[in-house]
Peer 1: 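Input: one structure, supplied below.
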Amino acid sequence: MLKIGLTGGIGSGKTTVAKVFETLGIPVYYADAAAKRLLNTNDTVKDAVIKHFGHEVYKNGELDRKYLAGIVFNSKEKLELLNSLTHPAVIADADEWMQQQKDVPYIIKEAALLFESGAAAKLDYVIGVYAPHHVRVKRVMDRDGLSKEDVAKRISRQLDEEIKIKRCDFVITNNNRELILPQVLDMDKKLRALAMEQVKE
Ligand code: ATP
């Protein structure tokens, strides 16, 4: 079973592409969703977050996401600190999830910060989802009701898109012009062939 990463910047369409793979029967681990879950359920993560960001981050035991977002999206250092507190737990959780997956040619781990967290090193191949900057800004403004400036700020905190895409083994273009489905079907075919080769080795 191959372990495939799926990454891309905010609003590139990672989750949208991942859902298409799911319709083909491919199990997908969503790292961002897992990080949100672990921030509420993993005591080691919770204790570390409280230690660095204060008790105010949890309201009645539940993460106050808006409060935390207000802190980390205004400071590169604080965002990096938060990521450093959550990434080890997400990587361990993803590893456990991967071990439970059976009888499939490959699985996908979808994560915005696959390279930044070091998680890519444990994967066989990484697919990048690419969309131009202006398309990403518009999508996130529409989806999250954020201002153009806020989206630009969030984008600027991530690894440069062009650099990220160059590090990927494969690219799916999601620019509102090229269709995703044929690209995913083609990718699926390639990955199944690579998985067969792995079995023969
Ligand atoms: P984030 O990192 O912020 O979670 P993402 O890369 O996972 O973003 P999505 O959530 O998949 O991106 O897409 C962002 C928004 O753009 C969503 O509202 C999604 O429905 C929309 N979108 C993505 N791709 C397309 C497309 N090809 N056609 C129409 N809408 C799209």
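Counting starts at 1 for both ligands and their atoms, in listed order.
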Peer 1: Quick check on contacts: which atoms of ligand 1 are under 4.0 angstrom from a heavy atom of I10?
Peer 2: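 Those qualifying, in numeric order: 2 (O), 3 (O).
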Peer 1: Tell me the protein heavy atom at minimum distance from atom 30 (N) of ligand 1, and give that distance in Å.
Peer 2: R139 NE, 4.6 Å
Peer 1: Answer with yes or no whether A112 contacts ligand 1, where contact means a heavy atom under 4.0 Å from a ligand atom.
Peer 2: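 False for this residue.
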Peer 1: Would you check if the side chain of R154 reaches a backbone N or O of F73 as a donor-acceptor pair within less than 3.5 Å?
Peer 2: no
Peer 1: What's the spacing between Q183 CD and L181 CG if we round to 0.5 Å?
Peer 2: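 Going from the CD atom of Q183 to the CG atom of L181 covers 9.5 Å.
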Peer 1: Mark up the atoms of ligand 1 that fall under 4.0 Å of a heavy atom belonging to T15, in ascending order.
Peer 2: 7 (O), 11 (O)
Peer 1: Taking everything shown except Q100 itself, do over 12 heavy atoms lie less than 6.0 Å from its CD?
Peer 2: yes
Peer 1: Please classify the K14 to ligand 1 contact at 4.0 Å (heavy-atom distances, strictly less than): side chain, backbone, both or neither.
Peer 2: both
Peer 1: Does L81 belong to the same Ile/Leu/Val/Met/Phe/Trp/Tyr cluster as V72, with side-chain heavy atoms less than 4.5 Å apart forming each link?
Peer 2: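 Yes.
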Peer 1: Do E80 and K76 sit within salt-bridge range, that is, some charged N less than 4.0 Å from a carboxylate O?
Peer 2: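 Judged by the 4.0 Å cut-off on N to carboxylate O distance, E80 and K76 do form a salt bridge.
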Peer 1: In the protein, which heavy atom is nearest to atom 29 (C) of ligand 1, and how far is it?
Peer 2: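 Its nearest protein heavy-atom neighbour is N176 OD1, 4.6 Å.
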Peer 1: Closest non-hydrogen protein atom to atom 10 (O) of ligand 1, residue and atom name please, with distance?
Peer 2: R143 NH1, 2.8 Å
Peer 1: Minimum distance, heavy atoms only, to atom 12 (O) of ligand 1: which one of A18, G13, A33, G9 is it?
Peer 2: G13
Peer 1: So, N174 and K14: side-chain donor and acceptor under 3.5 Å apart, yes or no?
Peer 2: no
Peer 1: Can you see whether Y58 has K46 sitting over its ring - NZ or CZ less than 6.0 Å from the centre and within 45° of the normal?
Peer 2: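 Yes, K46 lies over the aromatic ring of Y58.
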Peer 1: Minimum distance, heavy atoms only, to atom 11 (O) of ligand 1: which one of I155, T16, I180 is it?
Peer 2: T16
Peer 1: Does some non-hydrogen atom of the protein lie less than 4.0 angstrom from atom 3 (O) of ligand 1?
Peer 2: yes
Peer 1: Looking at ligand 1, does any of its N/O atoms fall within less than 3.5 Å of an N/O of D32?
Peer 2: no
Peer 1: Output yes when D186 and K190 qualify as a salt bridge under the 4.0 Å nitrogen-oxygen rule, no when they do not.
Peer 2: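 Yes.
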Peer 1: Who's the nearest protein heavy-atom neighbour of atom 8 (O) of ligand 1, and how far?
Peer 2: G11 N, 3.1 Å
Peer 1: What protein heavy atom lies closest to atom 24 (N) of ligand 1? Include the residue and the distance to one decimal.
Peer 2: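 Atom 24 (N) of ligand 1 sits closest to the protein heavy atom N174 ND2, 2.9 Å.
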Peer 1: Answer yes or no for G8: is there a heavy-atom contact with ligand 1 below 4.0 Å?
Peer 2: no
Peer 1: Does the residue V140 have a heavy-atom contact with ligand 1, meaning some pair of atoms that are separated by less than 4.0 Å?
Peer 2: no
Peer 1: Are the charged groups of D188 and R192 less than 4.0 angstrom apart, N to O?
Peer 2: yes
Peer 1: With rounding to the nearest 0.5 angstrom, report the CG to CD1 distance, L6 to I172.
Peer 2: 6.5 Å
